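As structure tokens, the structure follows; a few thoughts come after it.
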Amino acid sequence: MSAATAFQGQDVPASLFSDFAPPEAYRPHLLGGTLWVVDGVGPPVAFLAALIHGDRLHIDELDVLREHQGRGIGRRLLAHAIDHARARGLARLSLTTFRAIAWNAPFYASLGFVEWDPRDAPECIRKALAKEAAFGLKDRCAMRLEL
Ligand SMILES: CC(C)(COP(=O)(O)OP(=O)(O)OC[C@H]1O[C@@H](n2cnc3c(N)ncnc32)[C@H](O)[C@@H]1OP(=O)(O)O)[C@@H](O)C(=O)NCCC(=O)NCCS
């Protein structure tokens, strides 16, 4: 997806620009009612895929097409997911992201997310961070938003 080209020039592995999850990977999110897509005239402009784990909504993916980035779509999608989690009575949201890239951790922090020490986070979050490290992603962190 063109969203990943936002990372060009950053210290990320080349595979980040070619290894995308197939559409089927988002079937559980679709079935769970926690996949939100922003439609455009052509292909979808943006999507947010999340899954509920107990009392937590975990965001697996948030992408906005490169040419539509920086127009507030990502912020609105995330606000929608937060509203959804609150309406469902969940306790928190979580995600993993790049700590120092402006449109990653600092963006989430602007919505109230705080870094989640992996030692205090659930096992699946620790596993996700380990998988990302094995994939060659550096300086990743987990974040959570308490509702
Ligand atoms: C992250 C992403 C989903 C944000 O969506 P977006 O529609 O571009 O973001 P918004 O326009 O709502 O902006 C949200 C904030 O991100 C930051 N931001 C967005 N684009 C930025 C850029 N090019 N440079 C610096 N900051 C940027 C700003 O802090 C902005 O807040 P502001 O509008 O109050 O200044 C989108 O940039 C994207 O798809 N990036 C590539 C994939 C990715 O990083 N996904 C998230 C992985 S955890």
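Small disclaimer: the values here were computed from a predicted structure and weren't measured. Ligands are counted one by one from 1 in listed order, and the atoms in each one are counted from 1 as well.
- When distances from atom 28 (C) of ligand 1 to the protein are checked, no heavy atom turns up under 4.0 Å.
- Against a heavy-atom cut-off of under 4.0 Å, Arg75 is close to the following atoms of ligand 1: 12 (O), 15 (C), 30 (C), 31 (O), 32 (P), 34 (O).
- From the protein, the heavy atom lying nearest to atom 4 (C) of ligand 1 is Phe107 CE2, 4.0 Å.
- The closest side-chain donor-acceptor pair between Arg56 and His53, if any, does not fall under 3.5 angstrom.
- Polar contact check, Ala4 against ligand 1: no nitrogen or oxygen pair lies under 3.5 Å apart.
- Checking side-chain atoms of Arg126 against main-chain N and O of Ala121 turns up a donor-acceptor pair under 3.5 Å.
- The single protein non-hydrogen atom nearest to atom 5 (O) of ligand 1 is Gly74 CA, 3.3 Å, given as residue, atom name and distance.
- Screening Asp39, Asp63, Val38 against Val45 for a side chain to side chain contact (heavy atoms under 4.5 Å, CB included) leaves a single residue, Val38.
- Residue His68 has no nitrogen or oxygen atom sitting less than 3.5 Å from a nitrogen or oxygen atom of ligand 1, judged on distance alone.
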ask   = Stepwise, does the side chain to side chain contact (heavy atoms under 4.5 Å, CB included) test hold for Tyr108 with Trp103?
value = CA-CA 8 Å; Tyr108 296 117; Trp103 55 92; over 6 Å; no

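- At under 3.5 Å, a nitrogen or oxygen of Val64, whether backbone or side chain, sits near a nitrogen or oxygen of ligand 1.
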inquiry  = Before you tell me yes or no, could you show the steps for Ile59 and Leu78 under side chain to side chain contact (heavy atoms under 4.5 Å, CB included), namely the whole-Å CA-CA distance, both residues' side-chain angles and the distance that decides it to 0.1 Å?
reply    = CA-CA 9 Å; Ile59 298 172; Leu78 199 49; 3.3 Å; yes

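- Nearest residue to atom 37 (O) of ligand 1 from Gln69, Arg66, Glu61 is Gln69 (criterion: closest heavy atom).
- Contact atoms of ligand 1 toward Tyr108: 46 (C), 47 (C), 48 (S) (distance under 4.0 Å to a heavy atom of the residue).
- Close approach of ligand 1 to Gly70 (heavy-atom distance below 4.0 Å) involves ligand atoms 6 (P), 7 (O), 8 (O), 11 (O).
- Within ligand 1, the atoms closer than 4.0 Å to a non-hydrogen atom of Arg71 are 11 (O), numbered from 1 in the order shown.
- Side-chain atoms of His58 and Ser94 form a donor-acceptor pair, as typed in the model, at a separation below 3.5 Å.
- Remark: the backbone N or O of Phe47 is not paired with any side-chain donor or acceptor of Glu61 at under 3.5 angstrom.
- Leu147 is connected to Leu62 through a chain of hydrophobic side-chain contacts under 4.5 Å among Ile, Leu, Val, Met, Phe, Trp and Tyr, so both are in one cluster.
- Here NE2 of His84 is found 7.5 Å from NE2 of His80. Values are rounded to the nearest 0.5 Å.
- Nearest to atom 17 (C) of ligand 1 by heavy atom, out of Phe7, Phe98, Trp103, is Trp103.
- When Gly72, Pro106, Ala3 are ranked by how near their heavy atoms come to atom 41 (C) of ligand 1, first place goes to Ala3.
- Taking the ring centre of Phe113 as origin, the terminal cationic atom of Arg144 falls outside the region bounded by 6.0 Å and 45° from the ring axis.
- Scanning the protein for heavy atoms near atom 42 (C) of ligand 1, the closest one is Asp63 OD1, 3.2 Å.
- Although no hydrogens or angles enter the test, the distance criterion places no donor-acceptor pair under 3.5 Å between the side chain of Thr97 and the main chain of Asn104.
- In this structure, the protein non-hydrogen atom closest to atom 3 (C) of ligand 1 is Leu62 CG, 3.5 Å.
- Looking at Glu132, its side chain never comes within 3.5 Å of a backbone N or O of Leu137 through a donor-acceptor pair.
- Every atom of ligand 1 is numbered from 1 in the order shown, and the set under 4.0 Å from a heavy atom of Thr97 is 48 (S).
- Within ligand 1, the atoms closer than 4.0 Å to a non-hydrogen atom of Ala102 are 25 (C), 26 (N), numbered from 1 in the order shown.
- Remark: atom 48 (S) of ligand 1 lies closer than 4.0 Å to at least one protein heavy atom.
- Protein non-hydrogen atoms do reach within 4.0 Å of atom 11 (O) of ligand 1.
- The residues Glu24 and Arg27 are annotated as not salt-bridged, no charged nitrogen and carboxylate oxygen being separated by less than 4.0 angstrom.
- Counting heavy atoms under 4.0 Å from ligand 1, residue Leu95 does not touch it at all.
- Residue-ligand proximity, Ile73 to ligand 1, at heavy-atom distances under 4.0 Å covers atoms 7 (O), 12 (O).
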